[in-house]
2 protein chains.
Amino acid sequence: MRTLKYAILGLLNMKDMSGYDLSEEFGFSLNEFWHASHSQIYPELKKLTAEGMIEYEEDSKGEGLVKKIYHITDLGRKDFINWLSKDEEIGETPKDVFRLRMFFSSRLPGERRLELLKNHLMRHELRISHLKNNMTKFSKVPQKDSDEFGDYLVLMGAIMREEMTIEWIKKCIELCNR
Amino acid sequence: MRTLKYAILGLLNMKDMSGYDLSEEFGFSLNEFWHASHSQIYPELKKLTAEGMIEYEEDSKGEGLVKKIYHITDLGRKDFINWLSKDEEIGETPKDVFRLRMFFSSRLPGERRLELLKNHLMRHELRISHLKNNMTKFSKVPQKDSDEFGDYLVLMGAIMREEMTIEWIKKCIELCNR
DNA sequence: ATTTGCATGTAATCTGTTACATGATTCA
DNA sequence: TGAATCATGTAACAGATTACATGCAAAT
């Protein structure tokens, strides 16, 4: 499906960037629903350049340093918009190791199961506090035709996902305590 | 991390099964949080047999048909319980193509964005109705030391996940309609 | 007879992670 | 001067999907 390709094209469609900048974006705004490490990004950039989807200029600041600033081409933009408009089926449910453990958890001593649930709860409570903190960057709902609007929607979705997870774990704990 | 290994060991710890039976389990109860196709399962069974984690008997019913019924060994059980008890960090957030699209959705005509959201909503409403229908197999909350209890917990979690997703999409539609 | 389901496997490819490898710049 | 950050890449491996490949049994 080449989703990484479209994630990169989408980001470059917003702003010219280097491979390093892209990997920072993947670690920040996109982090809650897509991730890619630099070892995946650099080869993909090479491939996209060969395909004519993107081009770069070398920004040589200082002496030997060469930073490649990529920008999207018309071909790339066309391909991206076409992908963006696609109405796809829901894919395979995402894999979740913790849920897999809970599925088998009757084979665990009761106290251990509770420990795992409580620790998991703490981690998700920490995560939601980070997300809610990120949310403060929006003083109000952004304009729906702005880049920030998409950012807002998915951050809202991430918080809701964490709230649901916390609620689920609490229910599990409750049922285990009966 | 060899999670597939432990998913298989966990299932065989509940009940002796063939590779075919296992792939049916992955398509049914585990489906909401783990999936594996037969082309992944058969090589893994071979590997686990070589490692002494599982063994099989050939069930030849009829003429040439050979069905391999696998069972877990003591070594496998020990390894499984050890894995089950592990208290791991939360992994990378699962990848989500629809959320990626919504992140970039300001580049789409407003009507198209709404169409995508509404179609996605319908698909999740269909999915939740299937899940709620599955839930009817439990007339009451199973005993917490039974295999059904884990099944119950994760099915409850799957329904909550769908409810959250539906709520999120509805909020997105609302914000897009302002 | 033909299709559907049961049953098992391999090969090629794609996607993603971890480790390896290098070197400049900036800040303490 | 040493550590952190910026910056770019490759190699090896692990995990997962799609396609290829075969054959029996049961039902229509």
Side-chain angles (χ1 to χ4, degrees), chain A residues 1-8 16-28 30-31 33-51 54 56-70 88-97 100, chain B residues 1-9 16-28 30-31 33-51 54 56-70 83 88-97 100:
Chain A
M1 277 190 307
R2 305 276 316 265
T3 314
L4 176 61
K5 164 181 167 176
Y6 295 108
I8 290 175
D16 295 355
M17 270 183 267
S18 68
Y20 189 84
D21 296 334
L22 282 164
S23 67
E24 287 211 309
E25 284 300 319
F26 278 105
F28 189 58
L30 276 72
N31 196 253
F33 53 92
W34 208 271
H35 181 264
S37 60
H38 77 278
S39 53
Q40 219 187 336
I41 292 167
Y42 288 116
E44 189 64 36
L45 286 171
K46 212 175 176 178
K47 199 174 176 184
L48 290 174
T49 306
E51 291 170 344
I54 58 175
Y56 64 87
E57 260 110 56
E58 291 196 341
D59 178 10
S60 17
K61 57 169 166 183
E63 282 298 300
L65 181 74
V66 267
K67 192 176 163 178
K68 294 180 179 174
I69 306 293
Y70 288 90
E88 280 175 310
E89 289 299 314
I90 312 177
E92 212 46 73
T93 312
K95 291 183 162 75
D96 188 324
V97 188
L100 185 64
Chain B
M1 275 192 308
R2 306 276 317 265
T3 313
L4 176 61
K5 164 181 168 176
Y6 295 108
I8 290 174
L9 288 181
D16 295 355
M17 269 183 267
S18 68
Y20 190 84
D21 298 333
L22 281 165
S23 67
E24 286 212 310
E25 283 301 318
F26 277 105
F28 189 60
L30 276 72
N31 196 253
F33 54 93
W34 208 271
H35 182 262
S37 60
H38 77 278
S39 53
Q40 221 187 333
I41 292 167
Y42 289 116
E44 189 63 38
L45 286 171
K46 211 174 177 179
K47 199 174 175 183
L48 289 174
T49 306
E51 291 170 345
I54 59 176
Y56 65 88
E57 259 110 56
E58 292 196 341
D59 178 11
S60 16
K61 56 168 166 182
E63 281 298 299
L65 182 75
V66 266
K67 191 176 162 177
K68 294 180 180 174
I69 306 293
Y70 289 89
W83 168 83
E88 279 175 310
E89 289 299 314
I90 311 177
E92 212 45 74
T93 313
K95 292 182 162 73
D96 187 325
V97 188
L100 186 63

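Just so you know, these numbers use all the heavy atoms, side chains as well, and skip hydrogens, waters and symmetry mates. A note on names: the letters A, B, ... follow the listed sequences, proteins ahead of strands, and every chain is numbered from 1.
Rounded to a whole Å, the OH atom of Y42(B) is 17 Å from the C1' atom of dT17(D). dG16(C) atom C1' lies 16 Å from atom CG of L30(A), rounded to whole Å. With rounding to whole Å, Y20(B) atom OH is found 5 Å from dC6(C) atom C1'. Separating the CD atom of E44(B) from the P atom of dT10(C) is a distance of 13 Å, rounded to the nearest angstrom. Taking atom CG of residue D21(A) and atom P of nucleotide dC6(D), one finds them 10 Å apart after rounding to whole Å. To the nearest angstrom, C1' of dG16(C) lies 13 Å from CD1 of I8(A). If you take CG of L22(B) and P of dG9(C), they are 12 Å apart, rounded to a whole angstrom. Between the CE atom of M17(B) and the P atom of dA7(C) there is a distance of 13 Å, given to the nearest Å.
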Report each atom pair, protein N/O against N/O of nucleotides 17-20 of chain C, whose distance is under 3.5 angstrom.
from, atom 1, to, atom 2, distance (Å)
dT18(C), O4, S39(A), OG, 2.7

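Along DNA chain C, the nucleotide nearest E24(B) and the nucleotide nearest R2(A) are compared for position; the residue whose nucleotide lies closer to the 5' end is E24(B).
With N31(B) contributing its side chain and F28(B) its backbone, the two residues share no donor-acceptor pair below 3.5 Å.
L45(A) contributes atom CG, which lies 8.5 Å from atom CG of L4(A) (distance to the nearest 0.5 angstrom). Distance NE2/H35(B) to CD/Q40(B): 9.0 Å, rounded to 0.5 Å. Rounded to the nearest 0.5 Å, atoms CG (D21(B)) and CG (D16(B)) are 10.0 Å apart.
Residues L100(A) and A7(B) approach most closely at CD2-CB, 4.0 Å, considering heavy atoms. Nearest heavy-atom pair across I41(A) and A36(A) is CD1-O, 3.8 Å.
Of the candidates dG5(C), dT8(D), dT10(D), dT10(D) carries the atom nearest the P43(A) side chain, counting heavy atoms from C-beta on.
In terms of phosphate contacts, K68(A) brings a side-chain nitrogen or oxygen within less than 4.0 Å of OP1 or OP2 of dG9(D). For the OP1/OP2 pair of dC24(D) and a distance below 4.0 Å, the side-chain nitrogens and oxygens of K67(B) include no atom meeting the criterion.
Looking at Y20(A), Y56(A), Y42(A) one by one, the single match for ring-ring contact (aromatic ring centres under 6.0 Å, His included) with Y70(A) turns out to be Y56(A).
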